[in-house]
Amino acid sequence: MFRRLTPVQVAIDLVVACVFALVVAGLELPASDGMSPVVVILGMTGALALRRLSPGLALAVAWITVAIQLGSGMQAVPSNMAIVCVLYATACYGGTWVKWAGLVSAIGGGVIAATYTTFTLYGGTSPFSIGSMPQVVFTSLVGSIAAIFVFGLSWTVGLLVRTSRAAREEGARRYQAQQERRLAEQAVVVEQERNKIARDMHDVVAHSLAVVIAQADGARYAYRGDADAMDGTLGTIAETARSALGDVRMLLAELRHRQGEGPQPLLTDLDALFDQMRGAGLRLELTRSGPEHPLPVGHQIAVYRILQEALTNALRHGAPDMPVLVDLAWRQGGLTVRVENVSAPAVTREPFGHGIPGMRERANLVGGALTAEATAAGGFVVTAFVPVPQPVSQGEFR
């Protein structure tokens with residue numbers, strides 16, 4: 001029933017009501033007798049002071065004051081102007097029922113005010129006589145239209161202000177919602193980027209550590225009788241660790257939201273990857289077929305990372321004495337990569353790691369596809385297809 005106002009708003013309303021009371025009292029009281037004018041001034045002043053704090057209560061006080069005014073036979077006085085402000089407040093600040101009660105009051109009050117004033121003017125000439133009745137009806141009708149226009153105009157202005165304020169508030173809410181959605185989208189992008197970096201980190205660390213461990217195990221036996229083999233093994237370990245360190249630095253630079261300085265691996269680096277895996281003890285058998293087609297850098301990185309992850313899994317989980325078959329088949333639509341580990345049953349027991357989901361995600365990101373499944377013979381095969389992007393014809397822009 002009461003709206004929440006700031007102390008400044010309450011103080012302004014009280015000051016305006018006091019000034020209004022002093023002005024109308026100076027205009028009405030010297031030319032009137034009795035207590036009715038005082039009651040009317042106090043009632044209208046109270047309605048004016050309550051118009052923003054409680055529009056419904058202000059409307060009720062105004063109606064009670066008008067009833068006292070009509071009952072005492074008073075004519076329209078300057079303090080009645082407070083009714084215009086009360087009707088404005090019902091439309092601007094009131095609830096649903098108060099708002100429509102203000103509209104009904106504007107219409108009904110206009111008719112009552114015009115009719116009462118008309119009969120007051122014609123009271124001394126017997127308004128119910130046949131001769132003066134048409135004049136009474138006409139004057140009452142014209143006065144009602146004028147009063148309804150004035151009261152309705154104040155109510156309409158209040159409704160327009162209310163609608164404008166609601167539109168501004170709705171715009172502010174939409175803006176806030178857009179800001180929250182933008183922040184949420186940024187959070188999703190950051191999370192996706194972190195997942196991508198986590199996959200890169202997994203690829204680098206898992207691959208490099210697998211090579212280092214395999215070389216370290218080999219160095220323990222090579223040291224016993226072959227110093228040259230020991231030197232080559234330690235060189236492979238150092239080179240692998242140095243490369244991994246560079247990749248990790250690049251990933252950490254991405255986490256710091258800066259562009260990595262190191263180059264990303266491309267298809268031209270595949271031979272080095274194969275040599276590195278062979279040096280780690282993997283029996284890798286490579287076949288290539290078809291004419292090569294140019295691939296974008298992102299596609300080349302995806303191919304490299306998929307092969308790196310698949311070969312690392314083969315080194316970690318496959319039988320050391322069994323070959324790993326790698327087939328790179330170029331077709332007109334793209335490149336098919338197939339890595340078959342003849343014996344790798346342990347790979348299927350890690351469904352929630354970053355390895356296989358990461359390879360599949362990399363293939364999907366470049367528009368390709370990847371499958372990883374166990375073979376009937378107990379091995380494991382990874383098959384990925386990376387498409388060659390087709391040039392956009394001019395007709396597609398029409």
Side-chain angles (χ1 to χ4, degrees), residues 196 198-212 214 236 239-240 243-244 246-247 250-251 262-290 292-318 320 322-331 333-344 347 350 353-375 379-388:
K196 183 179 70 174
R199 288 193 298 270
D200 285 341
M201 186 74 75
H202 170 270
D203 294 342
V204 171
V205 174
H207 164 73
S208 301
L209 289 182
V211 174
V212 169
T236 301
E239 187 63 28
T240 302
S243 176
D247 289 339
M250 180 185 63
L251 294 174
Q264 286 280 16
L266 303 176
L267 294 184
T268 54
D269 300 310
L270 287 180
D271 290 335
L273 174 65
F274 296 150
D275 292 339
Q276 188 180 46
M277 300 305 297
R278 290 191 181 99
L282 191 68
R283 292 183 54 190
L284 191 151
E285 297 182 4
L286 175 65
T287 57
R288 302 176 188 259
S289 61
E292 293 190 10
H293 301 283
L295 285 176
V297 174
H299 291 58
Q300 296 186 46
I301 295 174
V303 172
Y304 184 94
R305 293 303 188 191
I306 290 171
L307 280 169
Q308 184 184 49
E309 177 64 25
L311 294 177
T312 299
N313 285 340
L315 181 64
R316 292 172 57 192
H317 304 289
M322 301 297 292
V324 175
L325 309 179
V326 178
D327 179 53
L328 303 179
W330 288 92
R331 297 183 297 176
L335 172 64
T336 299
V337 178
R338 189 175 187 275
V339 179
E340 182 179 358
N341 193 6
V342 178
S343 177
V347 177
E350 297 188 38
H354 285 290
I356 294 176
M359 290 190 292
R360 185 175 291 112
E361 181 66 16
R362 289 185 183 278
N364 292 336
L365 287 176
V366 296
L370 183 140
T371 60
E373 55 189 1
T375 63
F380 201 81
V381 60
V382 174
T383 304
F385 174 73
V386 176
V388 176

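Quick caveat, the model's predicted, so the values are computed rather than measured. Residue indices begin at 1 and follow the sequence shown.
In terms of heavy atoms, P294 sits closest to V388 at O-CG1, 3.9 Å. Residues G367 and P387 come closest through the heavy atom pair O-CG, 3.5 Å. Scanning both residues, W330 and E292, for their nearest heavy atoms gives NE1-CG, 3.3 Å. Across I301 and P265, no two heavy atoms sit closer than the pair CG1-O, 3.5 Å. Residues M359 and N313 approach most closely at CE-ND2, 4.4 Å, considering heavy atoms.
Here the CE-CG distance, from M277 to L270, works out to 12.5 Å after rounding to the nearest 0.5 Å. Here the CD atom belonging to E373 is positioned 7.0 Å from the OG1 atom belonging to T383, to the nearest 0.5 angstrom. Summarising the geometry, atom OG1 belonging to T312 is positioned 9.0 Å from atom CG belonging to L282; distances are rounded to the nearest 0.5 Å. Here CZ of R283 is found 10.0 Å from CG of L325. Values are rounded to the nearest 0.5 Å. With rounding to the nearest 0.5 Å, the separation of CG in D275 from CG in D269 is 11.5 Å.
Remark: V366 engages H299, A302, V386 in a side chain to side chain contact (heavy atoms under 4.5 Å, CB included) (not counting sequence neighbours). Not counting sequence neighbours, the partners of R288 by the salt bridge (Lys or Arg N to Asp or Glu O under 4.0 Å) test are D271. Listed by chain and residue number, L266, L267, L295 satisfy the side chain to side chain contact (heavy atoms under 4.5 Å, CB included) test with Q300 (two or more places apart in sequence, or in another chain).
A 4.5 Å side-chain heavy-atom check between L328 and L307 finds at least one atom pair inside the cut-off. A heavy-atom distance below 4.5 Å is found between the side chains of R278 and L286. You'll find the side chain of F274 reaches within 4.5 Å of the side chain of L311, heavy atoms only.
Of the residues listed (V382, L370, T371), the one engaging R360 in a side-chain contact (heavy atoms from CB on, under 4.5 Å) is L370, and it is the only one.
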